[in-house]
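Shown next, in structure tokens, is the structure this report addresses.
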Amino acid sequence: MSEKFKAIVLNQSGKDFSREIKTLDKSFFKTGDVLVKIDYSGLNYKDALILKNGATLVKEYPHIPGIDFSGKVLESANNDLKPGDEVVLTGCRVGEIYPGGYSQLVKVKSELLVKKPKNISSKNAMILGTAGFTSLMCAFAVKAREEILLGEKVKEVLVTGATGGVGSIAVMVLSKLGYNVTAVTGKKEKSGFLKEFGAKNVIERKEFEGEPKLLAKGLWDGVVDTVGGNILANVITQTKPSGIVAACGNAGGIKLNTSVMPFIIRGVKLWGIDSVMISKKRREFIWSQVPELIDFKLLEKNIKMVNLEELLNIFPKMLKGETLGRILVDPNK
Ligand SMILES: NC(=O)c1ccc[n+]([C@@H]2O[C@H](COP(=O)([O-])OP(=O)(O)OC[C@H]3O[C@@H](n4cnc5c(N)ncnc54)[C@H](OP(=O)(O)O)[C@@H]3O)[C@@H](O)[C@H]2O)c1
């Protein structure tokens with residue numbers, strides 16, 4: 001590849017915020033010891049927030065967004081990574097305070113990169129991306145109830161924001177783990193999509209939007225909540241004794257209006273999920289579990305692939321909750 005490359009560049013000057021596709025050269029990168037040729041990136045909810053206005057996460061402009069990518073090492077000053085090595089990166093504040101994946105090239109710190117497992121293609125690694133990685137973290141949090149209760153099987157699980165990237169893959173992974181998955185969605189017309197991913201039942205989101213009771217009938221051994229707000233408050237009240245609620249999202253709000261009752265009467269556990277700042281060891285563990293728990297054929301059938309230009313048109317739809325499943329970004333298309 002020539003020294004020049006194409007990337008989305010965000011800029012802010014006073015109240016003016018801009019996003020443009022620009023041709024840059026490597027002097028753009030001020031930090032990092034490994035240069036990567038990017039194959040794919042993904043569109044995650046956080047990316048959409050950053051593309052909108054930087055979301056107070058971006059500290060310096062001009063900035064290349066994109067919180068995840070897969071690709072090949074081109075140049076490396078680190079002995080553990082050689083040119084040609086295939087790598088993946090999710091989180092680690094790449095695309096926020098470091099240049100990200102909406103680019104044909106990126107330079108990053110070597111310690112943030114994970115070597116791509118050989119049995120996953122570069123494309124599949126980003127079909128999964130941050131969303132899939134987070135879904136797996138959530139699913140393992142729910143499964144932990146089996147260890148806490150000395151082997152008592154998790155049976156009934158609920159996933160909110162189920163047609164989203166995290167939600168849809170959580171439905172898939174939890175059903176692969178053998179659980180009965182109920183999906184909560186604002187898009188009831190997408191029930192067929194959710195059932196194909198493994199949901200046994202589909203419930204309309206509006207049933208979870210009211211003011212939460214102190215305690216409701218306990219229905220769920222585990223919950224993956226990607227939405228926050230009143231939906232999270234309501235599912236906590238419907239969780240069974242010693243049930244685990246893995247909370248990862250805020251698409252529906254950041255406030256949590258709850259009481260101590262589910263926690264002290266039922267021993268409900270609220271398990272916060274952060275996929276951004278987790279250790280390399282845990283990242284490698286999550287990637288190692290992918291082949292067993294992810295049906296890439298099904299995911300591939302349901303992705304939307306966009307180039308950088310198309311990405312700039314589609315991200316506002318994600319902020320309105322109008323996208324479905326995963327959106328894969330090909331910066332070379
Ligand atoms: N903690 C972490 O490390 C981590 C990592 C990745 C993502 N996340 C968070 O997880 C959430 C999902 O991310 P994603 O990339 O999967 O986004 P996404 O594809 O946009 O999915 C979000 C889903 O939530 C539902 N939703 C959207 N707006 C809503 C609203 N106003 N009220 C209620 N439900 C709404 C929609 O599903 P339905 O139409 O099916 O209801 C939507 O598809 C985001 O909040 C994101 O920030 C956190």
Side-chain angles (χ1 to χ4, degrees), residues 41-52 55 57 66-68 90-96 126-141 158-173 181-195 197 199 202-210 223-235 245-256 270-278 282-283 286 299 302-304 306 314-329:
S41 181
L43 176 62
N44 300 282
Y45 194 81
K46 191 192 267 180
D47 290 313
L49 292 170
I50 290 172
L51 283 165
K52 183 182 171 203
L57 294 166
I67 65 168
D68 50 21
T90 59
C92 302
R93 308 213 62 197
V94 161
E96 299 177 32
M126 275 306 112
I127 286 182
L128 212 57
T130 297
F133 186 87
T134 306
S135 312
L136 284 156
M137 287 183 72
C138 291
F140 290 128
L158 188 75
V159 177
T160 67
T163 67
V166 178
S168 58
I169 302 176
V171 169
M172 172 187 284
V173 172
V181 181
T182 298
V184 180
T185 181
K187 308 181 192 87
K188 195 77 195 295
E189 71 283 3
K190 299 294 176 197
S191 296
F193 166 87
L194 291 167
K195 292 202 166 151
F197 271 61
V202 179
I203 308 183
E204 285 203 58
R205 183 202 291 166
K206 59 176 187 259
E207 292 187 28
F208 292 81
E209 285 177 333
V223 178
V224 172
D225 176 63
T226 72
V227 173
N230 255 16
I231 293 182
L232 173 57
N234 273 297
V235 299
V245 179
C248 75
N250 59 356
I254 56 166
K255 287 265 159 53
L256 181 56
L270 181 57
W271 191 313
I273 299 291
D274 169 31
S275 66
V276 179
M277 300 307 287
I278 69 163
R282 287 179 70 206
R283 281 177 198 284
I286 298 281
L299 276 184
N302 287 285
I303 55 152
K304 184 169 178 62
V306 296
I314 205 169
F315 84 85
K317 290 199 169 76
M318 178 171 265
L319 294 174
K320 290 191 225 146
E322 290 172 2
T323 51
L324 185 70
R326 286 285 291 152
I327 292 163
L328 187 67
V329 179

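Hydrogens, waters and symmetry mates are skipped; everything else that's a heavy atom, side chains included, is used. Worth saying up front: this structure is predicted, and the values here are computed from it rather than measured. When a ligand or atom number is given, it counts from 1 through the structure's own listing order.
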Between Lys187 and ligand 1, is there a nitrogen or oxygen pair with a distance under 3.5 Å? yes
Within 4.0 Å of some non-hydrogen atom of Gly321, the atoms of ligand 1 are 27 (C)
Do me a favour and list the nearest non-hydrogen protein atom to atom 15 (O) of ligand 1 with residue, atom name and distance? Tyr45 N, 3.0 Å
protein heavy-atom neighbour closest to atom 1 (N) of ligand 1 works out as Ile273 O, 2.8 Å
Among all protein heavy atoms in this structure, tell me which lies nearest to atom 8 (N) of ligand 1, with the distance rounded to 0.1 Å. Cys248 O, 3.6 Å
What residue and atom, counting heavy atoms only, is the protein's closest point to atom 20 (O) of ligand 1, and at what distance? Met318 CG, 3.3 Å
With Tyr45, which residues qualify under ring pair (Phe, Tyr, Trp, His ring centres under 6.0 Å), at least two apart? none
By number and element, which atoms of ligand 1 are closer than 4.0 Å to a non-hydrogen atom of Asp274? 3 (O)
Per-atom filter on ligand 1: closer than 4.0 angstrom to a heavy atom of Gly249 are 9 (C), 10 (O), 11 (C), 45 (O)
Can you find an N or O of Ala251 that's nearer than 3.5 Å to an N or O of ligand 1? yes
shortest atom 24 (O) of ligand 1-to-protein heavy-atom contact is with Gly161 CA, 3.6 Å
Check: Thr323 main-chain N/O paired with Lys187 side-chain donor or acceptor under 3.5 Å: yes
In ligand 1, which numbered atoms sit nearer than 4.0 Å to a non-hydrogen atom of Thr185? 38 (P), 39 (O), 40 (O), 41 (O)
For Leu324, side-chain contact (heavy atoms from CB on, under 4.5 Å) partners two or more places apart: Thr163, Lys190, Phe193
Evaluate Gly165 for polar contact with ligand 1, using N/O atom pairs at a separation under 3.5 Å. yes
So, Thr182 side chain and Leu158 main chain: donor-acceptor pair closer than 3.5 Å or not? no
Gly228 backbone acceptor or donor facing Asp225 side chain under 3.5 Å: yes
Here the pair of heavy atoms bringing Asn230 nearest to Glu209 is ND2-O, 3.2 Å
Protein contact of atom 32 (N) of ligand 1 - nearest heavy atom, named by residue and atom, plus distance: Gly252 CA, 3.6 Å
If you have a sec, work out which protein heavy atom is nearest atom 5 (C) of ligand 1 and how many Å separate them, to one decimal? Thr134 OG1, 3.0 Å
Using atom types as modelled and distance alone, determine if a side-chain donor or acceptor of Arg283 lies under 3.5 Å from a backbone N or O of Thr90. yes
The atoms of ligand 1 lying under 4.0 Å from a heavy atom of Asn44, numbered in the order shown, are 15 (O)
Residue, atom and distance of the protein heavy atom nearest atom 36 (C) of ligand 1 read Arg205 NH2, 3.7 Å
Identify the heavy atoms of Ile273 and Ala246 that sit nearest to each other, and give their distance. CG1-CB, 4.1 Å
Closer than 3.5 angstrom, by distance alone: can the side chain of Arg326 be matched with the main-chain N or O of Ile303 as a donor-acceptor pair? no
Nearest non-hydrogen contact to atom 41 (O) of ligand 1 from the set Gly129, Gly164, Ser168, Gly186 belongs to Gly186
Between Asp68 (side chain) and Met126 (backbone), is there a donor-acceptor pair under 3.5 Å? no
For Ser275, the ligand 1 atoms with a heavy-atom partner under 4.0 Å come out as 2 (C), 3 (O), 5 (C)
For Lys52, look at atom NZ and say whether over 12 heavy atoms of other residues, nucleotides or ligands are found less than 6.0 Å away. no
